[in-house]
Structure formats: C-alpha cells, structure tokens
Amino acid sequence: MNDIKSPPDETGTSKPFSFYYNASQFRIDTWHRVKLFSEKLSTHQARKSDITKYVKQVNDALTTLNHLEDYTAFPSKEDFRYLWRLFEQDEYTALARVIGRLVRALTSDSYRRRHIDLAQNLDKDEQEDLQDLIEEEQRDASERRPYFELLVVDDLSSTEDRAIRTGFLRARRSEDRFIYSTVVVPSFEDAIIAVLFNYNIQTVLIRYGFPFRSKHDLEILKRYLSGFDEEMIEAQSDTDRSVMLGAVLHQLRPELDLYLVTDVGVEEAADRSAEHFRRVFYREMDFVEQHLSILRGVNERYQSPFFTALKEYSRQPTGVFHAMPISRGKSIIKSHWIQDMGQFYGMNIFLAETSSTSGGLDSLLQPHGPLKKAQELASRAYGSRQTFFATNGTSTCNKIVVQALARPGDIVLVDRDCHKSHHYGMVLAGAHVDYLDSYPLHDFSMYGAVPLKEIKHKLLAYKRAGKLDRVKMLLLTNCTFDGIVYNVERVMEECLAIKPDLVFLWDEAWFGFARFTPTYRQRTGMDTARRLRRRYASAEYKARYAKFKAEFDKLEPDKNDDAWLNTRLMPDCEKVRVRVYATQSTHKTLTALRQGSMIHVYDQDFRQKVEEPFMEAYMTHTSTSPNYQILASLDVGRRQVELEGFELVQKQIELAMALREELISNDLLQRHFRFLVAKDMVPAEYRPSGIERYFDPERGWMDLDEAWANDDFVVDPTRLTLYLGKTGIDGDTFKNKYLMDKFGIQINKTSRNTVLFMTNIGTTRSSVAYLIGVLRKIANEFQWKLEEMSPAERRIHEKKVQSYTVDLPPLPDFSRFHAAFASGKDSGTPEGDLRAAFFLAYDDAVCEYLRIDDGSIDKEMARGREVVSSSFVIPYPPGFPILVPGQVISNEILTFMRALDVKEIHGYRPELGLRVFTEETISGLIGEPRVKKVAAVS
Ligand SMILES: Cc1ncc(COP(=O)(O)O)c(C=O)c1O
C-alpha cells in the first residue's frame, strides 16, 4: 500500500482515510488544505521554521491530489503540471493565487460553465472571477450549455493522451447542445474508479489493449475496487476485456452511454457487446463521428418529450372553447379579486394549463405521443419493462396494482404496517388478507420489517392447506418509513422456491432515489427482478439448482417444514416466473410535483395475463383530468436522474453521513441525543455482517457494501432517527414545540421517544449545518435546565425519562380476524375477508361506539366479549392501521392506543370511542352461515 496519508490540517494532524465517507469529500477537503498552506507560504506569515513544514504539507497534498485529479478533466493535466512548476520554482504567491482560483472554480462549479485557463489568467482576482460568474448566471438558462465529461479508457503516452483530448476539443461546433471535456485513464481499474469518483462522466469510450491494474495505490480510491478476478480479466482478449469492462460499468452506472473501439471486425465485436454498448467503432479515431454519437447519446437522456410538448403548447396562441377558465390565465387576468394568484405563480403555469389532449399534447389514459415516450424513457431510467405515471400519489398506484392483480377471494400476504392505501386496495379488490407481523422495536416504539422466516412460514402453511394456488401476491414496504431496507433478492428467491409464480409488490414510496447509486440499487424491486430473470435463464443456475435440489430432497421436505425454513432456498428455474411491481412516490425523494408517482413493472407475464386488468384498474383510479404540471415534472425529473441522479444521491448520502459524524463527535449533543444505528434497528440475527453502525468515532466509516450485500435488513443512512429518551421529552412535543415553533424545522415522523430527519437530494450543506446548530442550542437549553433543577423538578424529570426509556408500551402484533370474517378458519389459515367487514359497517345499525378513556371497552372485554373493530384506525404519521375492519381488539392494542402521541388518528373520534360491531351482529354472523348474512347486508 502506498504510504500517502490524508494531508494534515493546520495543526499537523492527519485525518485517517476511513473518516472520509467518500473520495469526493476527501478531494475538496484536500484542495482547501493546500489552499490554506499555500496562502501561508505566500504571505510569509509563517516563521522560518514553519516554512519547511508548509512546503512539506503543500508537497504532500499536491502529491495526493495528483492521484485524484487523474480522474477529472478540471484541473487538467497541464494545469496540474503548472501548479507543480510554480511550487518547485518557489513561486508561492502565484501558486496561492492559482490554487485560490482553482478552489473557487471547483466549489462554485464555474468550471462546468466556462473554460478556466489557470495558467493564462494568472492575474485574475476573486472580484473578476465573481463578475464572470454573475454574467454567466444572468445569461438565459436556455443559452447555457450543460457540461459533462467523456471518459476514454486506453493505455496512452502523455502525447497521445493530449492528442485525444485536443481531438475531441476540435470536434466541438457552435451548434452543439452540450459541451464536454475528456479524461483519459489507462486501465480497467482506473475506469471503475473514474465512473464512481467523477460524477461528471456521462459517456465512456472504451478502447482496447489496456491492462487491468491501476498504478494508483491510494487507499480511498481502492475502496471502489473489490471482487474482481484480475487473472481472469487479464487472460481475456483485448476486445473481451473491453466488453467485460462495459458490463461492469453498466452495472455500476447503468445510465452511462458506453462506446467500444475495437481492432477486431466491427460486426464480431458488435455481436459480443450489443447488450451494453450504444455503438462500436473500428480502430481509428474519427473524432467527428464519435463526437456526434456522444452528443446524440446524451441528448437522448436530455430529452423530456412531455415537458417540451407542454412548453411548446403554452407558446401557441389558442382560443379556449372547452373547460378550464384558468387556462391561459384568463379567469385570473380578468378578475378584480384574485390578481395576486397570477402574480404569485407567474403566467407560465396558466399558459400550460389545459384540458386539451391534442395540439401536441397527449392523453394519460391512452397515451400515444409525448406521454407515451416520456413513460418509455422513465422505464429505461428506472430499469422496468413498463412504467406508468400517476398524478394522485402512490396511494393511487398501490390501489391500481392491487386491483390489477388480485381478484375477489385471492389471498394476499401483506405487511401489517404497510400504508393504508394497500388496505383500501384489498377492500376494493375483495382480496383476502393475511397480515404479516414486523419485528417490533419496543425500545423506540416503532416497527421494524417482516422477517423472511415469517413469510416462508405463512407460505408453507398455505402449501400444507392445499391453498397455495390462491396466494397471489406478497406486498412489502421497502424501505419502511424509518428506513429499514429488505434483502429484496433473498426474499424473492426464497418465496419463489415455495411458490414459483408469486407476484411481488414492493411499495417503494420512499425509495425512488435508490436506483441511482449501486449500493442501494441492488435492493430495489426492478434491479433485482432483472438480475433474477437473467440468473434463472442461465445454464450456470440450472446446474446449481440441480445440485441444490439433490441435497434438499434428502431432507425430505414433503414431511419437514424445518427443511424449508432453515435452508437458503432456490427456485426451480423450469417453473419460476419473475413478476415484480414497484410503486414509487417520485415526489417524495426526487424532483416531481406533489402527487407525482410511478408504477414500475417487471412482470414476465404482464402482456399475457395482466395488461387488460391492469389497464382497467388504471382507468378506475386515474382522473380523466390528470394534472399536466405533475406529469411534466415527472418527465423532467426523469431527465435529471438520468444525468445527475448518481451525483445527487451520492451527495445526499455524504451529507447524511456528515450529520451523523457531527452529532457523534460533539460531547454536548451526545449527552442528550443520539442517532439510532443499525444495531438499534436491526436485531443481530438479521445482521450476519456483524456491522453495528456505519460510523464509529474511533474507527471512522464502515464499509456499507458488506452489510448491503448480505444482511437481511439494513438501514438507509439518509434517514436519521434521533433518540430523545434521555431528554424526558416525547417525539411529538420535540417536533412541534422545539423544532417547528422555535426554529422552523419541519419533520414528519415521530415515535414516543424519537424523531425522524430525512435528507433528500435537495438537502444542502448549510441546511445540515443549521440543523446541527439548532440541536446544539436545544441541547444547551436542556443542559442549563438540568443544572438548575430543584430536587422536586429533578424527580419529575427522572420520572419522565423513565417513561420514555423504560416504561414503554409494548407494540401490538396484528391480533387476528374474528371468526365471523376469518375466511381461512376452516383450513386453519389466518386470512380474513376485509371487504365483508368493511361493507357490513356501512350499516350504522350494526355498529356501536365503545370509549377507551372511560373503561367502557375494558368492561366489555373483561366479561369475555370479543370486541371487533368495524373500521380502520390509522394514526398519522406513519399512516398504517393499528385496527382494520373485522379485527379483534386486544388489550395490547388498547394500551398502545392510549400511549399514542400523535394528534391525527384517522377513524377514531375520542369523544365517541372506537367504532365496533355490536355483539348481536357478531353472534348473528357466527350463528348463521356468515357469507349469506354478510352478502345480505352488503
Ligand atoms: C409506504 C408508503 N406508501 C405509500 C404512501 C402514499 O404515497 P403518496 O403520498 O405518494 O400517495 C406513503 C405515504 O406516506 C407511504 O409512506
């Protein structure tokens, strides 16, 4: 290993690499340091003895940066050589100036907007730089040409390297829509490092004849490399090695455009590389041809057909003789009373408001033009086979998918704490529901996620009962509100081994962004579906499955459920069908207007079995007046993620990590708060990696990838749960009285002793700094109060702390459906007929209210009555039901409800109590054939 360390700070201390979450954070930090050291040298502030120290520090930092800057276009290799020259010639004043400009260009991103020639404009000062930048910003955004970087992979001399960069520079034309600079790297490993480290790369041109190994040995870059078989890769022919590199890069960043340059026959190379490369070029460098292809590729991602159509439409003069007086702002402009609406929103939004589906626009219900194209592009971006836009949130998407796939009487396994839209979807579809319990996190009053064993156990019960054919779908929330993420691949594989055509609906309302970084992507529904489909079609899997089956059969699985439960199961590749749906609230985690959501489909049987009912369901739930602004935002938001999703998500994770680190390293904050870590939220049995936390104050950052590759559950680090137990304040009070009222900080979810902070792609360094500052102020206030407390106050405080840390009400499991609605009771399975209970309750005469605050309900239960809920009771947030129609109310549920600290509980009116079925109704239902009675009422 190279002995280069992180450059020291002013005090001479080096921060170990493990304390940097990623190399870009390290890069910027290092540039800031070298700026500081060079300024010290230039101003002669340093004492003579210090000069040697600073010279060494500049030298070390520049040496380290030498490694990093090989992967970026700015500063260029020539710029870098110029810095070295200034340094070696002791031109410290010039050096400090040039580095100052360079750091400004990097931090303001101005190098993306204009060419910065460090050597030529040495005398430019900060003021002039700023002026340039202001002029640049003032230019119409449409005139500005987006910037990206092209990566060329080839082992070249420095003259050839320069020739290539100049060649592409010369190919530029004034009419080009984008500008780009070129980075050349010489090996397989360097190419991987480059695409992971340099967010600006959009296009890769892979040539031939380069070696595997990188000459760089910097630990922070090596982190990007793991699991490659050097010998095998070196042994490939030049073209095969290039093709292999293409496959790896595609897996890491599927949005990149890849081009292959080969010296074998183009047809032959094209054959081998068709899957990942846009185009194959033969040998010689035809810069113009390649330049045009490169721009065309990026332009395909840049297109936003529906957004463009809407912009075009808004520019056309039209006479409106149909609905929508607001269209073209007419009803506002004419108004004497609502002019401020026009001023607030600006005219464009009204120019783009129309109910027309012609004039270049399209119909969401039967798309054939720009909306069709926009959905196809979204499908490409999100890795689905089909993608559908929705303008009423994932609440609607969930109902569409459930209705499309489940018929009345089908059994659906549903995670109990899933969003209410699924439960309503089940009611509408008439599916019979079997609720799966998540593991509870009693200490934090929140649920985890459903263990795989619980799911397998349920499926096996249906298998034994001979009802597996009726089990249609497994529905899980990934990630959960609190950020717990399933091992999607393992869940699907093992379930498919028991039921080969099981449909999966992954509610990814909070996980749309996950596609755009490789660590997260592997745990998304769409990416896993693609992997599994390929896997099951391979000869290699067939052989592995045959081996597995021979071993498994020895365990006599027909008689032995433990064999199924305790083995890592493999599906039969002859029978398995990959059928996966994911619903995403794009608006929650990516750029889209509120309610902008998508349904992604990867179902091998979609065309044959689902398309018709899916379209019926889509028609059922989709407005005939879908909001065009929402649709356009989905379209343009897709453009964004295909071009900068990787960068934005990486930065989001980086900021969330910085927030964690800040809190952990601050003694005052630690006294009152802590962020929950993986160990708190995922029990050890589900964490085979043994990784307990992602950041350790002594060792720095852990390798997330190991946990994300193998553990049953991991925690999404962009969601931060702050534990408040020690403060003696509950989550809801902290949210409202402290964060919101005093500091204007909005959060969504709380539990008795936690609040959840979510970062997103819009989170900035300054918002993170603000939050830390606020937490510090609050912690200070707590500290003072604590120190000033009288003995009596202290006792009260300690009691409160006790109630938030020790005396926490246990979280209730789903009790059960009452026999009147337990449709599976005859065969001993637990599913229930939610719809029957739901519609029965439409008749007020069969329901009554029992209060939970005056003991009425307890009295009824104490005399042995099974009290049955007639409605959904849904605390918001988090928005999942603690009672569903037909469910028996248990003491645990009552205790939990009494301890609930949220104000909004849908389906519950404290002044009336819980709405339940009357005793006569229930006994009537069990006394007589249930179905007949229920049918009569509903
Ligand atoms: C897990 C889950 N699914 C679905 C939804 C509904 O999403 P939307 O607000 O887009 O309708 C939510 C909302 O919070 C949710 O948390």
Side-chain angles (χ1 to χ4, degrees), residues 378 382 387-403 412-428 435-436 438 446-450 473-486 488 504-514 523-525 581-600 617-618 620-623 626-627 629-631 633-634 637 713 715-716 718-719 721 735 746-751 755-758 760 872 874-882 884 902 904-906:
Y382 288 88
T387 285
F388 298 87
F389 288 171
T391 59
N392 195 14
T394 299
S395 306
T396 289
C397 299
N398 288 336
K399 288 177 210 143
I400 293 173
V401 178
V402 169
Q403 181 181 324
V412 180
L413 306 186
V414 184
D415 98 55
R416 207 288 306 266
D417 24 312
C418 68
H419 188 256
K420 61 180 185 168
S421 51
H422 297 286
H423 306 267
Y424 286 112
M426 300 298 158
V427 168
L428 296 177
Y435 284 114
L436 304 163
S438 298
M446 63 172 80
Y447 289 93
V450 185
M473 183 159 71
L474 171 66
L475 195 162
L476 295 170
T477 311
N478 193 46
C479 65
T480 66
F481 212 132
D482 300 294
I484 295 172
V485 183
Y486 283 85
V488 174
F504 298 86
L505 168 52
W506 293 99
D507 181 335
E508 296 182 356
W510 293 104
F511 219 41
F513 72 106
R523 290 195 175 220
T524 61
Y581 293 74
T583 50
Q584 292 179 349
S585 295
T586 319
H587 66 101
K588 287 195 201 299
T589 65
L590 297 169
T591 298
L593 291 177
R594 198 161 157 81
Q595 296 191 359
S597 283
M598 296 189 200
I599 302 171
H600 303 297
Y618 194 72
T620 309
H621 296 280
T622 301
S623 164
N627 183 305
Q629 320 302 339
I630 297 177
L631 294 172
S633 75
L634 285 173
F713 302 104
V715 180
D716 169 7
T718 68
R719 301 163 88 83
T721 303
K735 166 186 164 180
Q746 286 178 25
I747 56 158
N748 195 338
K749 195 201 161 226
T750 61
S751 77
V755 291
L756 175 69
F757 295 100
M758 297 183 220
N760 62 46
F872 286 106
I874 305 173
Y876 197 88
F880 63 79
I882 50 171
V884 304
V902 296
E904 201 178 324
I905 306 179
H906 304 166

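One-based numbering, in listed order, for ligands and for the atoms of each.
The shortest N or O to N or O distance between Asn392 and ligand 1 is not under 3.5 Å. Below 3.5 Å of separation, one finds no N or O of Ser421 facing any N or O of ligand 1. The N/O atoms of His587, backbone and side chain alike, include one that comes under 3.5 Å of an N/O atom in ligand 1. Annotation: Trp510 places an N or O atom under 3.5 Å from an N or O atom of ligand 1; distance criterion only.
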Thr583/Asn398 under side chain to side chain donor-acceptor pair (under 3.5 Å): CA gap, chis, key distance, verdict: CA-CA 7 Å; Thr583 50; Asn398 288 336; 2.8 Å; yes

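Of all atoms in ligand 1, listed by their number and element, those nearer than 4.0 Å to a heavy atom of Ser597 are 10 (O). Within the listing of ligand 1, atoms 4 (C) sit less than 4.0 angstrom from a heavy atom of Asn398. Remark: ligand 1 atoms within the under-4.0 Å shell around heavy atoms of Ser585 are 7 (O), 8 (P), 10 (O). For ligand 1, the atoms lying closer than 4.0 Å to a non-hydrogen atom of Thr477 are 1 (C).
Counting heavy atoms closer than 4.0 Å to ligand 1, residue Ala509 contributes side-chain atoms (C-beta onward) but none from N, CA, C or O. Residue Thr394 touches ligand 1 through backbone and side chain together, judged by heavy-atom distances below 4.0 Å.
Under a 3.5 Å cut-off, the side chain of Tyr486 and the backbone N or O of Val450 do form a donor-acceptor pair.
In this model, a donor atom of one side chain and an acceptor atom of the other lie less than 3.5 Å apart for His621 and Gln403.
Note that the CD1 atom of Ile630 and the NE2 atom of His587 stand 9.0 Å from one another [nearest 0.5 Å]. Interatomic distance, OH of Tyr424 versus OG of Ser395, reported as 11.0 Å (0.5 Å rounding).
In this pair, Phe511 and Phe513 present their aromatic rings perpendicular. The plane angle is above 60°, beyond the 30 to 60° band.
For Thr394, the side-chain hydrogen bond (donor to acceptor under 3.5 Å, both in side chains) criterion is met by Ser585, Ser597, not counting sequence neighbours. Evaluation of the side chain to side chain contact (heavy atoms under 4.5 Å, CB included) rule for Thr721 yields Met446, Leu676, Met681, Thr754, Leu756 as partners, not counting sequence neighbours.
Contact between Lys588 and ligand 1 is present, with at least one heavy atom of the residue lying under 4.0 Å from the ligand.
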